Engineer: 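Starting off with a structure, shown below.
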There are 4 protein chains.
Amino acid sequence: MDGMTTASAAGFEVSGAGLERKAPGRPRSAKADEAIIAAVIALLKEGVSVGNLSMEAVAARAGVGKATIYRRWPNKDALLIDTVRTMKGPPPEPRGESVRDDLVMLVTAARTKRMEDFGRVAACMLPEFFREDELRKAFQMVSEPRRDVMRGVLRRGVENGELREDLDIELTVLMLTAPGLAQNILNLVPNAPRENFAELLVDAVLRGARP
Amino acid sequence: MDGMTTASAAGFEVSGAGLERKAPGRPRSAKADEAIIAAVIALLKEGVSVGNLSMEAVAARAGVGKATIYRRWPNKDALLIDTVRTMKGPPPEPRGESVRDDLVMLVTAARTKRMEDFGRVAACMLPEFFREDELRKAFQMVSEPRRDVMRGVLRRGVENGELREDLDIELTVLMLTAPGLAQNILNLVPNAPRENFAELLVDAVLRGARP
Amino acid sequence: MDGMTTASAAGFEVSGAGLERKAPGRPRSAKADEAIIAAVIALLKEGVSVGNLSMEAVAARAGVGKATIYRRWPNKDALLIDTVRTMKGPPPEPRGESVRDDLVMLVTAARTKRMEDFGRVAACMLPEFFREDELRKAFQMVSEPRRDVMRGVLRRGVENGELREDLDIELTVLMLTAPGLAQNILNLVPNAPRENFAELLVDAVLRGARP
Amino acid sequence: MDGMTTASAAGFEVSGAGLERKAPGRPRSAKADEAIIAAVIALLKEGVSVGNLSMEAVAARAGVGKATIYRRWPNKDALLIDTVRTMKGPPPEPRGESVRDDLVMLVTAARTKRMEDFGRVAACMLPEFFREDELRKAFQMVSEPRRDVMRGVLRRGVENGELREDLDIELTVLMLTAPGLAQNILNLVPNAPRENFAELLVDAVLRGARP
DNA sequence: TACTAAGCGAGACGGTACGTCGCGTCTTCTT
DNA sequence: AAGAAGACGCGACGTACCGTCTCGCTTAGTA
């Protein structure tokens with residue numbers, strides 16, 4: 001699902017099918033796919049809030065007809081989900097030496113410029129989550145691979161004795177992830193530490209997670 | 001809140017003046033203020049997402065003309081800010097016995113039904129924060145008093161030796177607050193602990209915060 | 001009805017009562033009456049069409065509260081009727097020498113600058129006539145005295161042999177009045193004569209009205 | 001009218017171009033054009049005054065979105081102009097036998113039920129003429145063809161000796177047209193003749209127009 | 001002199017309509 | 001069949017006035 005280039009699997013659906021017959025008629029233009037996603041990202045970077053991001057503007061910016069967008073995504077939400085997916089890219093791979101270094105790397109990776117842009121878009125979709133639970137799930141799936149990597153690191157730490165045996169993995173994931181979210185996506189807590197944030201956070205968590 | 005009864009101080013303004021002459025003309029109806037806020041809350045509770053929450057519907061529900069809303073708030077955002085302020089109510093007061101108990105109480109208080117409703121609305125405003133920084137600040141001000149209470153508890157713990165002398169207070173506040181946000185407002189992390197969440201979180205944090 | 005100065009008889013009513021007891025309380029300000037009518041006229045002269053003439057603007061221009069207007073006139077129509085009445089003033093008096101000269105004078109008097117302003121306002125009320133027949137009647141009453149003068153001149157002409165014995169007086173009044181209306185009020189016929197209009201019209205009509 | 005089928009040439013513009021390339025995109029629906037005009041006429045016939053004629057009501061009655069109206073006409077005036085044009089239809093053709101009969105026919109034709117409806121609408125637009133001179137001209141153009149027919153008849157009468165050689169054609173047109181206007185559009189003169197109005201008027205005018 | 005009742009400027013009130021914008025769909029011609 | 005273009009029905013936006021209703025303050029005549 002991560003490696004696909006066309007948007008056809010979006011809209012909350014999983015492509016499912018194995019070998020489909022080649023469809024008749026003119027094939028969809030891959031160029032259009034990219035132009036559309038790029039247009040969304042460009043507009044968002046220019047400061048257009050998602051509420052103000054109109055499909056009309058996206059189409060115009062991408063040099064594409066509105067129908068071409070709706071042929072690929074059933075609505076604005078689905079388009080945004082795929083945009084988010086594209087922005088995130090593949091999860092980082094831990095080096096595997098010390099648990100602390102890996103966690104610092106993972107927490108840091110969640111706070112790059114790229115992820116800030118991602119957060120910007122993500123935040124814009126939150127309101128819709130209350131309306132459309134499918135959308136929320138689709139969004140969670142975008143981040144799940146990264147959390148899985150972190151779970152792996154923590155499990156490794158428990159196994160090799162670096163971390164307490166009875167460590168609550170899910171809670172620890174949340175403790176390591178949520179502060180970054182609150183900063184990136186919400187930017188809600190005004191005067192939280194910004195320098196060495198990852199180290200500070202990981203150390204604070206590990207202090208209570210060691211045996 | 002803060003003692004002000006009319007909504008006129010909302011919309012990002014501070015009333016400022018001390019004893020102003022009574023404004024001429026018919027005064028604004030306090031009944032309308034309340035009816036409008038109540039209508040917003042009612043509609044949100046009925047499952048209307050903020051994106052779908054129309055000023056027209058609010059006016060109709062409140063039995064009020066649209067102009068009466070716009071006379072008080074310049075736009076939907078400002079109205080929602082005030083709604084949020086109203087929904088939150090005053091911050092809880094810690095008992096002052098053990099730091100752990102106070103923190104558990106504070107974290108729990110952030111996860112009541114009332115706060116969930118609050119989160120629902122808050123989430124809907126996030127997108128606008130990127131457009132309008134004033135709005136973000138206004139929103140942060142709504143939550144700041146609660147965070148101040150938590151800071152007080154932590155400082156007390158540092159002073160009486162219950163907590164490490166070099167504890168990073170802001171980081172700890174973030175660690176105690178963010179996971180709840182991520183659950184309440186974002187509900188983004190699917191399988192995080194839900195039972196005894198407050199105890200589990202506080203204990204995990206304290207384990208690394210004790211001397 | 002023509003000589004009254006206050007607007008109290010407007011709104012399609014006739015004052016009726018003879019000697020009323022002086023009402024208690026503060027009496028209505030004659031200054032306000034005048035200021036309101038003057039404001040309407042001023043605004044209309046500035047090119048505000050009646051459709052765009054808002055009671056709010058009238059009140060502001062007159063330095064008067066809206067209620068002060070509505071205390072005197074039940075609605076915009078009634079106010080306009082009275083404005084029209086004021087603009088017209090009393091009908092002219094014929095000299096009584098030759099029928100032709102009197103008619104020329106009367107036709108001319110209907111085309112002064114003052115009457116053009118009147119026409120401007122009058123035109124603006126026409127649409128309402130289809131809605132409110134009372135309004136039409138009230139308006140007709142404003143012009144009736146002038147037409148009565150013309151009827152008198154024509155009847156005198158018939159009696160003293162200047163005009164045909166079987167002259168249709170009403171039709172002749174219409175023939176002498178309507179062209180001026182069509183020019184003044186409607187300005188609908190683009191290239192009709194404008195110089196010596198009154199003489200030309202009266203002579204053309206009389207040519208067929210002499211014995 | 002004038003052969004144009006879509007409303008696109010209305011709104012005070014002249015289509016101008018000769019053979020334009022077909023515009024891209026979905027063409028405007030001719031059905032909508034008709035439905036909108038029909039809705040206006042229907043509403044007016046039901047007694048809705050033009051002041052009370054809301055675009056919203058027109059859209060609803062025509063089963064059309066408001067934007068569809070505004071895509072064709074810039075405002076209510078332009079829509080009414082086109083409605084008026086539609087209501088009027090082509091000018092009547094004189095038989096060409098006697099001048100008197102032709103004039104009676106023309107004056108009569110200006111007083112049919114259809115023309116009364118027309119007058120009803122026309123009256124409603126008068127107020128706007130003072131604001132928007134373009135509108136007045138557009139309106140005059142609607143009636144001009146009919147006046148041209150009448151000018152033709154009068155000129156023929158002058159040429160064949162039925163009418164005075166020095167007859168003022170424009171003035172005579174006005175004398176024959178204005179009384180009907182004053183009755184139809186204004187209904188301002190209360191007790192003017194209504195039976196045989198056309199014959200009476202034409203005879204009165206001709207009495208002074210014969211050699 | 002104080003009381004009472006209405007008028008007054010100001011402006012908020014519940015409404016209705018405005019003209020605009022964006023949604024997601026449709027209909028045209030072109031590639 | 002997909003594409004660009006753009007019209008379609010719908011519904012919300014924020015504004016402007018309507019005619020009504022409070023406000024606190026004159027401004028008279030009556031007590």
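We name chains A, B, ... by the order of the sequence lines, and we start the count at 1 in each one. Since the structure is predicted, the reported quantities are computational estimates derived from the model, not experimental observations.
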Engineer: Nearest whole Å is fine: how far is dA12(E) P from Asp33(B) CG?
Structural biologist: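 Going from CG in Asp33(B) over to P in dA12(E) covers 12 Å.
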Engineer: Identify which nucleotide among dG14(F), dC17(F), dA28(F) has an atom closest to any side-chain atom of Pro27(C), counting heavy atoms from C-beta outward.
Structural biologist: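 For the Pro27(C) side chain, the nearest candidate turns out to be dA28(F).
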Engineer: Do you know the tightest heavy-atom contact between Arg72(B) and Ser29(B)?
Structural biologist: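 Scanning both residues, the minimum pair turns out to be NH2-O, 2.8 Å.
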Engineer: Show the nearest heavy-atom pair for residues Ala35(A) and Ala62(A), with the distance to one decimal.
Structural biologist: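 The answer is O-CB, 3.5 Å.
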Engineer: To the nearest Å, how far apart are Asp77(B) CG and dA12(F) P?
Structural biologist: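 Result: 18 Å.
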Engineer: Looking at Thr68(B), I'd like to know whether one of its side-chain N or O atoms comes within less than 4.0 Å of OP1 or OP2 on dA12(E).
Structural biologist: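 For Thr68(B), the contact criterion (side-chain N or O under 4.0 Å from OP1 or OP2 of dA12(E)) is not met.
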Engineer: Between Arg26(B) and dC21(F), is there a contact of a side-chain N or O with OP1 or OP2 at under 4.0 Å?
Structural biologist: no
Engineer: Under the side chain to side chain contact (heavy atoms under 4.5 Å, CB included) criterion, do Val58(B) and Arg61(B) qualify, and how do the steps go?
Structural biologist: CA-CA 5 Å; Val58(B) 172; Arg61(B) 177 63 152 263; 5.9 Å; no
Engineer: I need the CG-C1' distance between Leu43(B) and dA12(F), as an integer number of Å.
Structural biologist: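 Rounded to the whole Å, the gap is 14 Å.
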Engineer: Show, in sequence, the C-alpha distance, side-chain angles and deciding distance for Leu79(B) and Met55(B), and conclude whether the side chain to side chain contact (heavy atoms under 4.5 Å, CB included) test is met.
Structural biologist: CA-CA 10 Å; Leu79(B) 169 57; Met55(B) 298 300 258; 4.1 Å; yes
Engineer: Round to the nearest Å and state the distance from Glu56(A) atom CD to dA7(F) atom P.
Structural biologist: 11 Å
Engineer: Given atom CD1 of Ile36(B) and atom C1' of dC13(E), what is their separation to the nearest angstrom?
Structural biologist: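 Answer to the nearest Å: 11 Å.
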Engineer: Using a heavy-atom cut-off of under 4.0 Å over every strand shown, decide if Ala67(C) touches base, sugar-phosphate, or nothing.
Structural biologist: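 Touches a base.
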Engineer: Nearest-nucleotide wise, let me know which of Val64(B) and Gly25(D) is further upstream toward the 5' end of DNA chain E.
Structural biologist: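 Looking at DNA chain E, the more 5' nearest nucleotide goes with Val64(B).
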Engineer: Just checking Leu53(C): base, sugar-phosphate only, or nothing, at a heavy-atom cut-off of under 4.0 Å?
Structural biologist: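 It contacts sugar-phosphate atoms only.
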Engineer: Which nucleotide in the set dC23(E), dA12(E), dC18(E) lies at the smallest distance from any side-chain heavy atom of Lys76(D)?
Structural biologist: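 In terms of side-chain proximity for Lys76(D), the closest of dC23(E), dA12(E), dC18(E) is dC18(E).
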Engineer: Would you kindly check whether a donor in the side chain of Lys66(B) faces an acceptor in the base of dG15(E), or vice versa, at under 3.5 angstrom?
Structural biologist: no
Engineer: Does any part of the side chain of Leu80(C), heavy atoms only, come nearer than 4.5 Å to the side chain of Leu53(C), both counted from C-beta?
Structural biologist: yes
Engineer: Using heavy atoms to find the nearest nucleotide of DNA chain F for Pro24(D) and Gly63(D) separately, return the residue whose nucleotide is more 5′.
Structural biologist: Pro24(D)
Engineer: Looking only at side-chain atoms of Tyr70(B), point me to the closest of dT15(F), dC17(F), dG3(F).
Structural biologist: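 Of the candidates, dT15(F) comes closest.
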Engineer: Between dG9(E), dA12(E), dG3(F), which nucleotide gets closest to the side-chain atoms of Arg71(A)?
Structural biologist: dG3(F)
Engineer: Please report the distance, rounded to the nearest Å, between CD in Glu34(D) and P in dC8(F).
Structural biologist: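 Computing the Glu34(D):CD to dC8(F):P distance gives 13 Å.
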Engineer: Send over the distance from Ile69(C) CD1 to dG19(F) C1', rounded to a whole Å.
Structural biologist: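 Roughly 11 Å, once rounded to whole Å.
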Engineer: Look at Arg72(B) and dC13(E) and indicate whether a side-chain polar atom (N or O) is within less than 4.0 Å of OP1 or OP2.
Structural biologist: yes
Engineer: Tell me the interatomic distance from Met55(D), atom CE, to dC18(E), atom C1', rounded to whole angstroms.
Structural biologist: 9 Å
